[in-house]
Amino acid sequence: MARILGEPRHTLAIQDPVSGSVVTLYYRGPTSEERVAYQLSAFRLEGGERRFCLGETRLKFGVEILTGFEAGDFIITAEGGQTPLDPTRHPDWKERLAEDAPDLVSYLAQQVFEGMRVASRGEPEWD
């Protein structure tokens with residue numbers, strides 16, 4: 001399948017190890033500036049020492065590019081019951097996901113910012 005250039009929304013389906021279900025995240029493509037900032041923020045100088053900050057970087061940039069998710073993929077406990085997390089009803093949905101599902105948000109960033117791989121001759125992707 002070809003990449004559609006200029007597509008405003010992309011999709012990543014993830015097998016969630018906690019729920020056992022497939023979670024679908026929607027995201028926008030990062031800008032060139034965000035790609036550079038991502039690479040630069042993976043390490044930080046603190047007291048003259050380089051500090052590895054990839055986990056923090058993945059979560060921060062994952063939240064930035066995340067634009068939504070499939071309806072019903074996340075359930076919250078509210079007022080004694082369970083209700084689906086809904087961006088239209090829960091304006092803090094990104095913060096909730098960063099707090100309660102940081103593994104999924106970080107995985108999104110890892111795949112988008114770092115997920116390139118090279119197809120070798122003889123692989124189906126090459127041909």
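Values reported hereafter were calculated over all heavy atoms of this structure, with side chains retained and with hydrogens, waters and symmetry mates removed.
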| said: Please determine whether the number of non-hydrogen atoms from other residues, nucleotides or ligands lying under 6.0 Å from atom OH of Tyr27 exceeds 12. | reply: yes

| Tracing side-chain links under 4.5 Å among I, L, V, M, F, W and Y, which residues wind up in one group with Leu40? | Val36

| Between Asp92 and Arg96, is there a side-chain N and carboxylate O pair less than 4.0 Å apart? | yes

| From CG (Asp73) to CG (Asp16), nearest 0.5 Å | 9.0 Å

| Is it true that Val22 and Val105 fall in one hydrophobic cluster, defined by side-chain heavy atoms closer than 4.5 Å? | no

| field | Pair Phe74 + Phe69: ring centers closer than 6.0 Å | value | yes

| field | Minimum side-chain heavy-atom gap His10-Arg3 below 4.5 Å | value | no

| query | Can you tell me how far the CD atom of Glu95 sits from the CG atom of Leu97, to the nearest 0.5 Å? | reply | 9.0 Å

| Glu7, CD: over 12 other non-hydrogen atoms inside 6.0 angstrom | yes

| said: To the nearest 0.5 Å, what is the distance between CG on Leu12 and OG1 on Thr24? | reply: 8.5 Å

| Can you name the closest pair of heavy atoms from Gln82 and Ile75 and give their distance? | CB-CG2, 3.6 Å

| query | Regarding Asp103 and Ser106, is there a side-chain donor-to-acceptor distance under 3.5 Å anywhere? | reply | no

| query | Between atom OG1 of Thr83 and atom NE2 of His90, what is the distance when rounded to the nearest 0.5 Å? | reply | 5.5 Å

| Got a donor-acceptor contact below 3.5 angstrom from the Thr67 side chain to the Tyr26 backbone? | yes

Just list the side-chain donor-acceptor pairs under 3.5 Å for residues 47-65, sequence neighbours left out, or say none.
residue : atom : partner : partner atom : Å
Arg51   : NH1  : Glu46   : OE2          : 3.3
Arg51   : NH2  : Glu56   : OE2          : 2.7
Glu56   : OE1  : Arg44   : NH2          : 3.2
Thr57   : OG1  : Ser41   : O            : 2.8
Thr57   : OG1  : Ser41   : OG           : 3.2
Thr57   : OG1  : Cys53   : O            : 2.9
Arg58   : NE   : Glu114  : OE2          : 2.9
Arg58   : NH2  : Glu114  : OE1          : 2.8
Arg58   : NH2  : Glu114  : OE2          : 3.4

| Euclidean distance, Glu70 CD relative to Leu25 CG, rounded to 0.5 Å | 10.5 Å

